[in-house]
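Naming: A, B, ... by sequence-line order, numbering from 1 per chain. No hydrogens, no waters, no symmetry mates; every other heavy atom, side chains included, goes into these values. Just so it is clear, the structure is predicted and the values come from calculations on it, not from any experiment.
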Amino acid sequence: MVFLDVDKVTKSYGPLDVLHDINIAIEEGEFLVLVGPSGCGKSTLLNMIAGLEEISGGEIKIKGKVMNGVHPSNRNIAMVFQSYALYPNMTVGENITFGLEMHGVEKSERKKAMLDVATLLQIGKLLDRKPGQLSGGQRQRVAMGRALVRNPDVFLFDEPLSNLDAKLRVDMRIEIKKLHQKLGTTIVYVTHDQIEAMTLSTRIAVMNGGHLQQLGKPKEIYDKPNNVFVATFMGSPSMNVIPAVVRNLAGVPHVEIRRHDDSTSLLKFNDMKFLERENQKILLGIRPEAITDPDGADRKSDNICYLENRIEVIEPAGADTFVSMQLGGKDVTARMRSDTEIITGADFNFAVNMQKAVAFDPESQVRISS
Amino acid sequence: MAAPMQETAIRTGKVARTFIYLVLLLFAAFYMLPLYVMFVNSVKPLAEITGGGMMSLPSVFTLEPWVKAWSSAQIGVEPSGLSPYFWNSIKMVVPAVFVSTILGALNGYVLTQWRFRYDTIFFGLLLFACFIPFQIVLIPMAKMLGVMGLAGTTWGLSFVHIVYGIGFTTLYFRNFYAVFPSELVSAAQIDGAGFFQIFRRILLPSSGPIAVVSIIWQFTNIWNDFLFGASFAGADSQPMTVALNNLVQASHGVKEYNVHFAGAILAAMPTLLVYIVGGRYFVRGLMAGSVKG
Amino acid sequence: MASIAGADMKTRLQTWLPKLVLSPSLALMLVFVYAFIAFSVYLSFTDSRLLPSYGWIGLENYTKLWRLSHWETSLKNMGIFALLYISICTALGLTLAIFLDQKIRGEGLLRPIYLYPMALSFIVTGTAWKWFLDPGIGLENVIQGWGWEGFEFRWIKDRSLAIYTIVLAAVWQTSGFVMAMFLAGLRGIDNEILKAAQMDGASNWSLYRRIVIPQLRPAFLSAFVILSHLAIKTFDLVIAMTGGGPGRATELPATFMYSYTFSRNQMGIGSASATIMLITIASIMVPYLYSELRENH
Ligand SMILES: Nc1ncnc2c1ncn2[C@@H]1O[C@H](COP(=O)(O)OP(=O)(O)O)[C@@H](O)[C@H]1O
Ligand SMILES: [Mg+2]
């Protein structure tokens, strides 16, 4: 059964439409991440699930019950906010139990629930402090404790880690993942950080401009992006999108790419269907890790092509070295092993894993299915 | 006072600094002058004042003028002293301060934490109402107080001060609550708290400082009001300022300057006390009314 | 935000409560401010005298008003008063603020002394200055008593000079407040800018003239708006100090309105004068509030 169902949901503020026909069905225990650039409507959608925003059109159901018009406190959801939204005048303990108190839970029971949560999150020592006396990470834990104590059907997170510094963000990310694995609660998690989306989710919903762009498992989203937006938004450094032309070379489809000096290179395509598009323009999508030094090429790939091109910029990044070059008039990034010997301005023979390449229609920007 | 001390980058020479101190002290004397005049002359016999001794310290110290100003000076037709009027002012001020502050707090809460469409227009109208010349409402207000049965009572004056005080109190609380993240109310809604519970349990406990600002501002303004008191009070509901003016302007008999000064200090005492105790908040209120936060 | 059909009780209640809570204030404001203003403006077009009366006489009250020498005097006094009051308060407030901003020892003591007059009633202030300036017992009498027989200071009794004593008392009352506004502005200026300018070799004088004072623009604007609105509303101080006299030497529009409405039973003319006061204040306040509110949104 669908646990949380977002069914043809729309949202408008007066004449301004901010969400268009959003459909997302979530199973129990899923960790769904809503990801997209800032202003795309993620928070709005989350707030509609929470009941903090009115639903302009469509329905939201939790466990089969329509939630439109139901007060936030009666949806059995809990939410963690970006600013944590801890009540400044209450102690940590009071913050955690406020919701239970509002729901008329006995004092002794409240205390027990609070202590359980405090143990789980290791915040037992903080219970008598005020939020103002806590560090960012501690506030984050308290905010999660406040959500956990209610034992909700669905957890909602709105960019909970974006106020933390980089190191703490990684730690808390792992902690949230552990918590989900342990408790198995259904989670809807909003972020604009695609790494958070990839690492945490069981499924990702990519949004842009109020439209759902793609809904799928992290691997699907990464390997088979629906369109150029998803392809470039997910992944870092982002996917190279190179203008190219399909050519028929002895009955095998190839893509023709312009190199830095306007000469062209042909790279073989595995998918025979591209023959239908002979001499048509496409956008070729190749992730940086699919353009490597020849020794670093994926051994399991059945289609490695070689391409000589001039190295323009070298960026050593520790584990890897990123190389920039010109292809099809665009800046293209390749990812080399760090011990590769390369020289800025010199020509280099790159290995391109064409098995991982995808193609987009230059007009609609949609992926050409393959 | 709100302005914090900070290192000024500007350096001044010795001569310049002496000059600056001199000017600053001179003006301190200028600002203290009337207070000095009122105090020293309120504790000396009348003859010392009329004999050219206004600026000197009293050679004979007497509290007689204070006693007279408080309990037996002729105010209008009654030799009642200022005391009944002092209590009139208290009766007028306390409910007015209380009610206008509560309404201001609720308005500020709604205007900042609950979205609704015409909030800026509403607030703009309310704010403009703070600055109108009250001459423009005197006539209809006099009529209306009659209709409501409040004419000539301290309740009527309280009511008038509530009506024209809401603008400022709302301004204070609105600017104060504006920095509370709206997520706070969202979190509380999810926790199951209702409109008033959110106010009482979450916003109100943090509102101490701004409540003090609002109370001090309202208290000072209402206590010091003269126009409404003079226009709407009955003979037995006049506030302190009106009574003091009557005392000072009385045309009959000997002018007892020492009694006038004692009366003036009595009228100034409550607001001066508030200023001494809560000056910081008083200044915050003044500033909030001019440069918005 | 129309509440949706099918919303539960709690949701409905929560959408209505905020509006319900605002409504008393809204009602009070609409009736006691805006309807009253409309009523008074209406009265200014009627033949009201002792009591409101509803005979429409068009602009007659206004034409009468502009022919009254009493009104002309009030306006002339207003002009002198407002000009001097605003400019002296601003100049004095700015000077004191700049001086106080020089790491002055005892600043914590001086500031409250400059500011306390704001906490006093104009009636108290008026009483103190009235007797201090009174030639019979005040300054003149004191200085003569010190042996300076020829000393004369009777401005408060002089028709052509009395208005300046009102300026003096009003400046005494509010200049400290203006000082506080400028001081807050000065303390808000980024010190790095000043240091940079000093490194460029700017003298103190040019530092203030070229860099600091231009940055105080918002404080100047606020001071101007607050002072001009206070000037137009000045009433109690005149009543307490001079009662509008000697003769009509210190009459202001506010005192004019009061005496025409309540002692001379010329309510129509009184209302016309109040309307003119309102329009004057509105023409200053409305643009100011509009820009301030827009900035905040
Ligand atoms: N109360 C509102 N009135 C009008 N527009 C709004 C309101 N709240 C949000 N929006 C608009 O809706 C869009 C989506 O906002 P939001 O959901 O907060 O984006 P995200 O969380 O993805 O950054 C934005 O363009 C924002 O400007
Ligand atoms: Mg957001």
Side-chain angles (χ1 to χ4, degrees), chain B residues 1-4 6 8-10 12 20 23-24 27-28 31-32 34 37-38 49-50 52 54-55 103 106-107 110 114 120 124-129 131-133 135-137 139-140 163 166 195 220 224 226-227 241 244-245 248 257 260 264 267-268 271-272 275 279 283 286-287 290-292, chain C residues 14 17-18 21-22 25 28-29 32-33 36-37 39-40 96 99 101-103 110-114 116 119-121 123-124 127-129 131-132 137-138 141-142 145 177 180-181 183-184 187 191 194-195 198 204 222 226 229 232-233 235-236 240 254 257 274 277-278 281 285 289 292-293 297:
Chain B
M1 168 152 180
Q6 79 171 14
T8 316
I10 292 154
T12 37
I20 287 171
V23 171
L24 289 176
F27 275 96
Y31 290 113
M32 288 309 286
V37 168
M38 285 196 284
I49 304 177
T50 47
M54 183 181 264
M55 295 305 288
L103 282 176
L106 284 169
N107 289 345
V110 174
W114 298 84
T120 312
L125 286 174
L126 207 57
L127 208 54
F128 178 68
F131 298 100
I132 57 168
Q135 275 78 6
I136 197 78
V137 295
I139 300 162
V163 168
I166 296 174
F195 177 84
T220 308
N224 288 344
F226 176 77
L227 181 63
T241 46
L244 173 66
N245 192 51
V248 176
Y257 304 111
H260 296 176
T271 54
L272 264 186
Y275 179 73
V283 177
L286 273 178
M287 304 301 266
S290 53
V291 215
K292 297 209 291 92
Chain C
Q14 299 301 316
L17 269 177
V21 163
L22 277 192
S25 302
L28 287 178
M29 174 182 81
F32 289 87
V33 179
F36 278 15
I37 287 176
F39 182 77
S40 289
L96 290 178
F99 281 10
D101 197 32
Q102 309 298 324
K103 279 196 258 173
L110 288 171
R111 268 181 324 189
I113 290 179
Y114 293 172
Y116 86 91
L120 298 185
S121 154
I123 301 295
V124 171
T127 304
W129 284 104
W131 294 145
F132 178 73
I137 58 155
N141 190 26
V142 168
F177 169 41
M181 282 167 63
L183 194 58
R187 300 268 150 101
N191 246 334
L194 302 185
K195 284 187 185 142
Q198 273 188 327
N204 279 355
S222 304
I226 297 294
H229 131 267
I232 295 167
K233 285 166 86 166
F235 173 72
D236 332 10
M257 183 275 167
M277 286 174 68
L278 176 75
I281 285 188
M285 293 310 298
L289 293 179
E292 290 259 304
L293 282 178
H297 271 251

Distance in Å, B:Ile20 CD1 paired with C:Leu96 CG, rounded so as to fall on 0.5 Å steps
11.0 Å
Sub-3.5 Å donor-acceptor pair from the side chain of B:Thr271 to the main-chain atoms of C:Ala119, do we have one?
yes
C:Ile232 versus chain B, the contacting section by heavy-atom distance below 4.5 Å:
neither
Between the CZ atom in B:Phe27 and the CG atom in C:Leu110, the distance rounded to the nearest 0.5 Å is 12.5 Å
Proximity breakdown for B:Val37 and chain C, heavy-atom pairs closer than 4.5 Å
side chain
Between B:Tyr275 and C:Tyr116, how do the two ring planes meet: parallel, tilted or perpendicular, split at 30° and 60°?
tilted
If I take atom CG from residue C:Asp236 and atom CG from residue B:Asn224, how far apart are they, to the nearest 0.5 angstrom?
9.0 Å
What heavy-atom pair brings B:Asn107 and C:Val21 nearest, and what distance separates the two atoms?
OD1-O, 4.2 Å
Do side-chain atoms of B:Tyr31 reach the backbone of C:Pro112 as a donor and acceptor pair under 3.5 angstrom?
no
Please classify the contact between C:Phe235 and chain B as side chain, backbone, both or neither, with a heavy-atom cut-off of under 4.5 Å.
side chain
Among B:Ile139, B:Val163, B:Leu126, B:Val23, who wins on heavy-atom pairs under 4.5 Å with chain C?
B:Ile139
One should read off an interatomic distance between B:Leu244 CG and C:Ile123 CD1, to the nearest 0.5 angstrom, of 7.0 Å
Is there a donor-acceptor contact under 3.5 Å from the side chain of C:Ser40 to the main chain of B:Ile136?
yes
Rounded to the nearest 0.5 Å, what's the gap from CD1 on B:Ile49 to CD1 on C:Ile137? Could you check?
6.5 Å
With no hydrogens and no angle check, is any side-chain donor or acceptor of B:Gln135 less than 3.5 Å from a backbone partner on C:Met277?
no
Given heavy-atom pairs under 4.5 angstrom as the criterion, report whether the side chain, backbone, both or neither of C:Trp129 touches chain B.
side chain
